Amino acid sequence: MSDRLRGSGPLATAAILAAVMLISGCTDSADADKGDGIKVVTTIGIIADMTRQIGGDRVDVTTIVPENGDVHSYEPSPGDAKKVVDADLALTNGLLLEEQSIIKMIDSNLPEGARKVAVAELASKHGGLVMPLTEDLGLDVLWLGLAVTGKRFEGEIQLAATALKGPGDLFVYLADTFGEPTMYFDSSDGFDTKDTVTLPPGAHTHVNWAFTERGDYTLTLAATRVNKDGSIAPLGEADYTFAVGKKPGPGRAFDLGHTDLAVDTDNPDLYIKRDDEPHVAAEGSVLVAPDLAWTHIPDDPRYTFLGPKGGKIWQLPQAVLGKHVHGEEDPHLWENPINGLAYARVVAEELTRSDPDGAAVYAKNAERYLTALDDLRQYVTAKLATIPAPNRNLITTHDAFGYLAQAHNMKIAGFVVPNPGMEPSAAQITKLSETIRDLKVPAVFVEPNLARRASVLRQVAADLSVQVCMLYGDTFNPDDPGYIPMMRHNADELARCLT
């Protein structure tokens, strides 16, 4: 594929620089001295770094998610709101990468007339490549989440648990990166307004489903659409049947696979959504938590709501650690250097829209930075080409590297993340060990900001005498920060550890 078709190289660089200048309607570098520049707030360090590279001294850049923070779960503070109040431009990643509360905080505090731009959602028009998000952890029980389908709209969906029939209690909760639980539905004290989940349009989230007794359960969920103007519209309700620790009764049973209890905003309906079937009626279906799903309540004061430590529950696991609300597309575009180029083009264009007087500065800086990014693309390609074909299996603690793998003929072998707050089962550890052994994986990869996720991976690697190496997914090496150093490090580390 040529550089022009890839969206990189001199022709593409010239095109974006021309576009930047056209937005402002000027090409005279003297115009760069007019005005005082702008204030830009970004959600993640990668976009902040690109903004500083292209904006130079004309931009004052602040970032909401701190370095080494988890963008999927970070909760904004009052100090973050102050950053937004003074901003002329807000640059998010989009594609539901950020925790929903971050986006709501930006929407509530951004001044009138200031722009909010989701960089990843504009990348494709600048040569970016967007791929669907695929998740397959090979669990031996049902992986059950919550989802919103239908056309995107300005607003949110509220999904409420209104009734439960069964022999015990149900706790539906989400654990963040550090294992801290957030309760969604808790039947132990009766359902009320607090037993409500708020999800953005197009979202999907993983949660834990913990039952305290064997038997048959029926959970009633009701959905409401809340529009940006505050108006609401009921979207109906549905009864979901569960068979816990026993054989399912009449109906179609679901006991394996990635499955969601879903809300359709176009045709008000609550139903079951699976990877291989987009719509299954809730009525006549049975969701199975088999007897092998039982586990002991951990010795952790944060989980006393489940019962006394050592007690028995039947749990369908969240599996992926952290708040993991996401959409249908993989939002980690920057891990493919081609998309890094596309991000930079979006940033250059949006800076010029918000600050036309700085067009010449942005064009000059963008030319330099795009050249450096194209050099990076070639460097990463050449470096990863040295990895032997049998070694192109990537096992990590985070699902952020799909774009990198796709661009360089690698495979995400993955592994089952331990259930948050619980000890990993012998079966999970065995499966991880077998994957590493069968694929003859020479190394596994951890991320510095997700160290707590890596304990099992490190232990299994030590048992099998496999090297443990370091990758940066959405944070920087503090000794050499920046998008380009991050990507060069990842390429070097992959080549070193897998060759």
Side-chain angles (χ1 to χ4, degrees), residues 141-150 156-174 181-199 203-226 232-255 259-265 267-274 279-290 293-294 297 303-307 311-318 325:
V141 294
L142 193 66
W143 186 12
L144 189 63
L146 303 170
V148 177
T149 64
E156 59 192 22
I157 296 297
Q158 292 182 346
L159 186 61
T162 59
L164 180 74
K165 297 178 181 178
D169 287 314
L170 167 64
F171 302 94
V172 179
Y173 67 97
L174 184 147
T182 298
M183 188 63 65
Y184 282 0
F185 309 141
D186 174 0
S187 71
S188 66
D189 56 357
F191 291 138
D192 55 28
T193 55
K194 72 177 183 299
D195 296 290
T196 301
V197 183
T198 300
L199 294 172
H204 160 81
T205 186
H206 310 144
V207 288
N208 299 282
W209 303 75
F211 300 86
T212 60
E213 301 289 343
R214 285 188 176 92
D216 295 313
Y217 293 76
T218 300
L219 171 66
T220 303
L221 295 181
T224 302
R225 171 172 169 158
V226 182
I232 62 174
L235 295 176
E237 67 176 29
D239 291 333
Y240 293 95
T241 301
F242 292 81
V244 177
K246 63 182 290 292
K247 291 184 178 180
R252 183 182 175 189
F254 296 96
D255 58 2
T259 303
D260 293 316
L261 307 189
V263 182
D264 187 341
T265 60
N267 304 292
D269 185 21
L270 280 77
Y271 59 100
I272 295 172
K273 178 179 180 291
R274 291 172 59 82
H279 192 289
V280 179
E283 184 178 0
S285 300
V286 182
L287 303 160
V288 181
W294 79 266
I297 298 171
Y303 289 84
T304 55
F305 63 87
L306 294 172
K312 195 172 183 179
I313 57 171
W314 286 258
Q315 181 158 267
L316 298 176
Q318 174 182 330
V325 176

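This is a predicted model, so every value here is computed, not measured.
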Qualifying residue, where the test is side-chain contact (heavy atoms from CB on, under 4.5 Å) with Val288 and the options are Val141, Val244, Asp255: Asp255

Test item: side-chain donor near acceptor, Thr259 and Arg274, under 3.5 Å: yes

Option passing side-chain contact (heavy atoms from CB on, under 4.5 Å) with Leu270 (candidates Leu159, Thr220, Leu261, Asp239): Leu159

side-chain contact (heavy atoms from CB on, under 4.5 Å) partners for Asp216, two or more places apart: Ala243, Lys246

Where Ser285 and Thr241 come nearest, the two heavy atoms and their spacing: O-CB, 3.7 Å

Distance in Å, Tyr184 OH paired with Thr196 OG1, rounded so as to fall on 0.5 Å steps: 12.0 Å

From Leu144 atom CG to His206 atom NE2, the distance as rounded to the nearest 0.5 Å: 10.5 Å

Val263 versus Ala223, closest heavy-atom pair with distance: CG1-CB, 3.7 Å

His279 versus Asp269, side-chain donor and acceptor atoms under 3.5 Å: yes

Closest contact, heavy atoms only, Pro317 versus Leu142: CD-O, 4.1 Å

Check: Asp186 side chain, Phe171 main-chain N or O, donor-acceptor pair, under 3.5 Å: no

Ala210 versus Gln315, closest heavy-atom pair with distance: CB-OE1, 3.4 Å

Minimum-distance pair of heavy atoms, taken over all atoms of Val286 and Pro250: CG2-O, 3.5 Å

With sequence neighbours excluded, residues passing side-chain contact (heavy atoms from CB on, under 4.5 Å) with Glu213: Pro167, Tyr217

Separation of Ile313 CD1 from Trp209 CH2 (nearest 0.5 Å): 14.0 Å

Geometric class of the Phe242/Phe211 ring pair [parallel <30°, tilted 30-60°, perpendicular >60°]: tilted

Under 3.5 Å donor-acceptor, Asn208 side chain and Tyr173 backbone: yes

Whether Thr224 side chain and Ile157 backbone form a donor-acceptor pair below 3.5 Å: no

Salt bridge (Lys or Arg N to Asp or Glu O under 4.0 Å) partners of Glu156, counting only residues at least two apart: Lys104

Spacing of OG1 belonging to Thr162 relative to CG belonging to Asp192, to within rounding of 0.5 Å: 12.0 Å

Gap separating the CG atom of Leu235 from the CG atom of Asp264, nearest 0.5 angstrom: 8.5 Å

Heavy-atom check, side chain of Val280 versus side chain of Arg252, under 4.5 Å: yes

Nearest-0.5 Å distance that lies between atom CG in Asp195 and atom OG1 in Thr193: 8.0 Å

Main-chain N/O of Tyr271 paired with Tyr240 side-chain donor or acceptor, under 3.5 Å: yes

Audit row: Phe305, Asp169, side chain to side chain contact (heavy atoms under 4.5 Å, CB included) steps and yes/no: CA-CA 11 Å; Phe305 63 87; Asp169 287 314; over 6 Å; no

Stepwise side chain to side chain contact (heavy atoms under 4.5 Å, CB included) check, Val207 with Gln318: CA-CA 4 Å; Val207 288; Gln318 174 182 330; 5.7 Å; no

Donor-acceptor pair, side chain of Ser187 and main chain of Leu170, under 3.5 angstrom: yes

